2 protein chains.
Amino acid sequence: MASAICNHGDQHLQGNPSFRSQKRFITIQEIDNSRRGRERIVILGSGWAGYTLARDLDQRKFQVVVVSPRSYFVFTPLLASTSVGTLEFRTALEPVRSRRLRAEFFQGWGDGVDFENKRLTIEEAVEDPLQGRGLAGDREDASKEHVEVKARNVQKGKLFDMDYDKLVVAVGCYSQTFNTKGVRENAFFLKDVGDARRIRQRLLSCFETAALPTTSMTMKKQLLNFAVIGGGPTGIEWSAELHDLIQEDMRRLYPTLTPLAKITVYDVAPSILSMFDKKLSNFALDHFKRGGINVKTRHHVEELRTGVPKAILEADDSIQDSETCYTLKIREEGEIGVGMVVWSTGLMVNPFLAKALKCKVERHEKSGGIITDTHLRAKLPTGSTSTSSSVVKDVYALGDCAILEGTAYPATAQVASQKALWLAKHLNRGDLEKEQTPGFTYKDMGVMAYIGNWNAIMQSQGGDISGRVAWFIWRGAYLAKSVSWRNRLLIPTYWFVNWLFGRDVSRF
Amino acid sequence: MASAICNHGDQHLQGNPSFRSQKRFITIQEIDNSRRGRERIVILGSGWAGYTLARDLDQRKFQVVVVSPRSYFVFTPLLASTSVGTLEFRTALEPVRSRRLRAEFFQGWGDGVDFENKRLTIEEAVEDPLQGRGLAGDREDASKEHVEVKARNVQKGKLFDMDYDKLVVAVGCYSQTFNTKGVRENAFFLKDVGDARRIRQRLLSCFETAALPTTSMTMKKQLLNFAVIGGGPTGIEWSAELHDLIQEDMRRLYPTLTPLAKITVYDVAPSILSMFDKKLSNFALDHFKRGGINVKTRHHVEELRTGVPKAILEADDSIQDSETCYTLKIREEGEIGVGMVVWSTGLMVNPFLAKALKCKVERHEKSGGIITDTHLRAKLPTGSTSTSSSVVKDVYALGDCAILEGTAYPATAQVASQKALWLAKHLNRGDLEKEQTPGFTYKDMGVMAYIGNWNAIMQSQGGDISGRVAWFIWRGAYLAKSVSWRNRLLIPTYWFVNWLFGRDVSRF
């Protein structure tokens with residue numbers, strides 16, 4: 001039985017003296033009352049996998065309960081656009097509570113799972129000061145680093161239990177920093193909408209600070225030096241959006257400053273956009289070169305800290321070391337003064353898996369993700385004493401936190417949403433547990449990236465496209481794929497308004 | 001001479017040892033270069049007065065420099081709508097830096113003025129953590145109260161000097177709290193867009209926390225008890241917008257919670273909306289009653305603190321005192337548990353006037369505002385040794401911080417913008433200093449207020465209107481008065497989209 005190897009899983013909860021007393025007053029009576037004989041499917045997460053599944057499950061058959069620390073789903077391909085003001089933040093969001101998605105919702109983190117009694121422990125997270133921010137390390141550690149959290153002396157949220165009939169783990173991943181010194185504290189990530197807001201705020205502050213007469217020329221150059229770490233689609237699209245912002249708007253608003261602005265993409269790999277054909281990634285590279293964006297491959301970040309590089313401080317005694325800029329240390333270049341660093345070098349496993357699922361499920365040796373069979377059922381650990389089954393009963397895993405046994409599907413929105421659609425279909429039909437049901441297979445629909453100045457690259461079964469036509473398809477595809485009609489109306493409105501009048505640069 | 005009584009005005013600056021060394025490296029060479037022989041008009045503030053003036057001054061004649069701690073102008077009548085999500089925040093903003101407003105801009109606070117040498121000292125404020133927030137007391141005191149500021153250990157911004165030919169003081173007012181205990185720290189104001197965002201966030205958090213199974217019925221009722229202090233147009237419009245949000249959206253999203261929600265408007269005066277005719281304010285009162293909004297006049301707030309009322313704590317030992325709700329102490333009612341308090345009881349003088357202008361200008365005995373003559377010129381203090389003039393040379397004051405001698409014009413957007421238009425016209429014409437130029441007179445265009453459920457009240461020369469027709473005019477007027485075409489497109493789009501699909505309740 002699974003319990004034989006996993007009965008120590010909840011020790012960290014029972015060891016907490018206030019835990020039992022907290023749960024004494026807790027009732028989930030309301031959602032028990034509205035269950036009306038339906039099976040309850042609890043979905044952990046509201047990203048591409050969790051949100052898509054919640055939307056597609058048949059609510060007449062199932063009581064769908066979404067548990068997520070975020071009150072919304074993020075349409076991630078548009079995040080880079082929102083971070084420079086091409087789109088308003090909320091055009092990339094769909095609230096989990098909405099007239100269209102009739103699922104139950106609790107804002108909280110999964111804290112522990114009792115597979116035997118089919119019970120989930122949830123830590124409520126309504127006032128979590130880090131909500132809206134992607135994380136790059138254990139949540140409790142992250143809290144210690146953030147001044148806004150420290151100042152409020154935030155404690156662990158209250159806990160409560162909920163029974164499930166089926167549990168779907170779709171908790172996603174955190175940003176990978178490879179424990180590079182200072183990155184978690186000082187870099188800007190682009191995983192969630194709160195990150196996008198921080199980037200927009202910082203970006204505009206850099207220009208406004210550079211415009212002050214109290215800012216010396218040396219400091220201006222550092223403030224307007226923007227570094228992007230990671231040459232994948234996110235890093236590249238963000239660089240492209242920043243380039244557009246500078247060329248289309250900042251050039252008019254800060255005419256004397258824009259010649260000082262500089263964008264550099266660093267990557268450890270020998271090339272960027274490795275998921276694209278050589279021809280397309282070279283097209284992007286040429287396009288970047290013409291646009292003045294530097295790409296430095298085979299470069300290694302060693303540290304990121306606040307303040308001015310030492311060499312600059314020593315050379316010019318009029319500069320006081322201040323926290324208005326950052327110092328990026330590159331192994332191949334030494335210390336560089338930068339206005340901000342946007343970090344996008346991939347994903348690390350969500351600590352929830354190690355904490356709450358521990359040895360209860362089979363996990364990938366290298367990445368730590370949950371291994372599933374082709375029916376997306378979480379596998380029991382190898383060497384488990386169970387003889388009757390190789391999977392955990394009624395527990396499914398999908399999205400970036402799950403790996404389908406024997407495959408190397410990428411951790412993308414496409415894979416996550418295809419898995420969610422597949423799982424919803426078979427749960428609705430009731431044929432998921434039948435072994436004759438063919439398993440999930442991924443259909444690669446192609447990959448595309450915006451590269452700036454109304455150009456994109458696109459690679460699919462139908463062939464490769466680059467340039468203006470690809471950009472047109474890029475916009476059309478994301479508009480069509482947008483979840484709600486609300487955003488299908490707002491997104492083109494903002495494209496039009498910002499094209500006509502320029503992006504808004506108000507900061508608040 | 002003015003200097004005779006005011007030469008101690010800059011002592012607080014010269015007393016600062018780092019002040020001179022800071023200014024040593026400062027150059028405003030760039031804007032000196034672009035002056036091209038024009039007179040320089042420096043405008044302190046970017047509100048109704050400052051922004052309107054900057055827009056209307058003839059840039060061929062004047063180099064216009066706006067100095068403001070905010071990077072935008074707020075179209076204040078729409079703030080209440082943005083605070084509940086009827087409109088997106090940025091639809092109420094116009095950036096000071098924009099393609100249309102070609103003024104120079106420095107983001108900073110006025111710190112001191114040397115009238116004799118016509119020189120302004122500016123404290124830069126680009127990274128001010130309180131930007132976007134209306135203030136309700138001295139800025140440095142306010143900083144001590146805000147955790148986000150405390151945590152960052154923010155220091156005074158760098159200082160720099162700028163010469164002016166003409167100086168326009170339009171720094172506005174702060175929120176008045178009458179030093180009521182705990183109000184400055186715990187109340188929610190509605191003066192600026194950052195305030196609106198805080199309100200929206202808190203409002204939605206109250207519902208989401210109430211929806212948690214860890215929240216007892218007693219706590220739910222407190223969290224959903226919303227108090228508004230002040231029965232003026234701001235307080236009334238906000239109550240109306242909250243009422244709409246609850247009836248139109250929350251009722252669908254949190255069906256079991258909305259019956260618990262309660263809105264109460266408190267005022268010390270015997271009636272609300274005192275600037276309207278009795279008939280119209282009674283119409284509003286009746287409308288509120290039918291909508292279930294309580295209005296309690298002749299009530300006095302004594303304190304606002306975090307935590308649960310003592311009586312509730314004593315009666316139910318299952319409730320732990322937590323910071324998730326507030327306790328409002330009303331003289332006539334005792335302690336009441338509330339989810340949030342929106343405070344709107346009027347204005348207090350901006351501390352800048354006392355700090356930087358001190359005894360250099362004549363100030364109103366009671367309110368502390370700058371007294372101007374009918375040409376909006378700041379008056380010299382009575383008893384000034386000057387014999388040649390009764391006004392400060394080339395210094396003008398308008399907006400909420402100024403009072404036209406012998407008048408009692410209200411501190412409203414209407415007065416501020418009319419004064420700005422008048423001043424711009426006469427500065428452009430060059431006839432301001434001519435004594436035969438007729439002085440400014442205010443033309444009351446009427447007053448209107450939204451009262452919820454698609455109803456408004458309107459009072460003007462043309463007669464009184466109330467109900468649906470007034471609401472239609474209310475919307476039309478604000479759409480027509482919107483500053484930019486950008487917002488004239490976005491505002492009706494949001495009205496339409498939110499009417500069709502409901503307001504967005506994502507929090508980040």
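Naming: A, B, ... by sequence-line order, numbering from 1 per chain. Just so it is clear, the model here is predicted, and its values are computed rather than measured.
Between F89(A) atom CZ and D504(B) atom CG the span is 13.5 Å, to the nearest 0.5 Å. The distance from the CD atom of E124(B) to the OG1 atom of T215(A) is 7.0 Å, given to the nearest 0.5 Å. Distance CZ/F106(B) to CD/E208(A): 9.5 Å, rounded to 0.5 Å. Atom CG of L490(A) is separated from atom OG1 of T493(B) by 7.5 Å, given to the nearest 0.5 angstrom.
For a residue to count as touching a neighbouring chain, one of its non-hydrogen atoms must lie under 4.5 Å from one of that chain's; by this rule I31(B) does not touch chain A. Using a 4.5 Å cut-off between heavy atoms, I122(A) does not touch chain B at all. Only the side chain of T256(B) comes within contact range of chain A, judged by heavy atoms closer than 4.5 Å. Only the side chain of E88(B) comes within contact range of chain A, judged by heavy atoms closer than 4.5 Å. If you measure heavy-atom distances from L253(A) to chain B, the contacts under 4.5 Å come from both the backbone and the side chain. Only the side chain of R197(B) comes within less than 4.5 Å of a heavy atom of chain A; its backbone N, CA, C and O stay farther away.
The two residues S205(A) and V126(B) have their closest heavy-atom pair at O-CG1, 3.7 Å. Nearest heavy atom pair, residue L212(B) against residue Q107(A), reads CD2-O, 4.0 Å. Taking both residues in full, the closest heavy atoms of G132(A) and F508(B) are given as CA-CB, 4.3 Å, listed atom of the first, atom of the second, then distance.
Take D249(A) and apply the side chain to side chain contact (heavy atoms under 4.5 Å, CB included) test, not counting sequence neighbours, and it matches L245(A), R503(A), R99(B).
Contact count versus chain B (heavy atoms, under 4.5 Å) is highest, among W485(A), F105(A), Y494(A), for Y494(A). Among V505(B), V193(B), L489(B), T324(B), the residue with the largest count of heavy-atom pairs under 4.5 Å with chain A is V193(B). Contact count versus chain B (heavy atoms, under 4.5 Å) is highest, among M162(A), Q131(A), R486(A), for R486(A). The candidate with the highest count of non-hydrogen atom pairs below 4.5 Å against chain A, out of S98(B), S506(B), S71(B), is S506(B).
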* Are E127(B) and R202(A) close enough, and set up right, to give a salt bridge (charged side-chain N to carboxylate O under 4.0 Å, His left out), and what steps lead you there? -> CA-CA 9 Å; E127(B) 298 277 5; R202(A) 174 66 190 165; 3.1 Å; yes

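A donor-acceptor contact under 3.5 angstrom links the side chains of Y254(B) and R97(A), judged on distance only.
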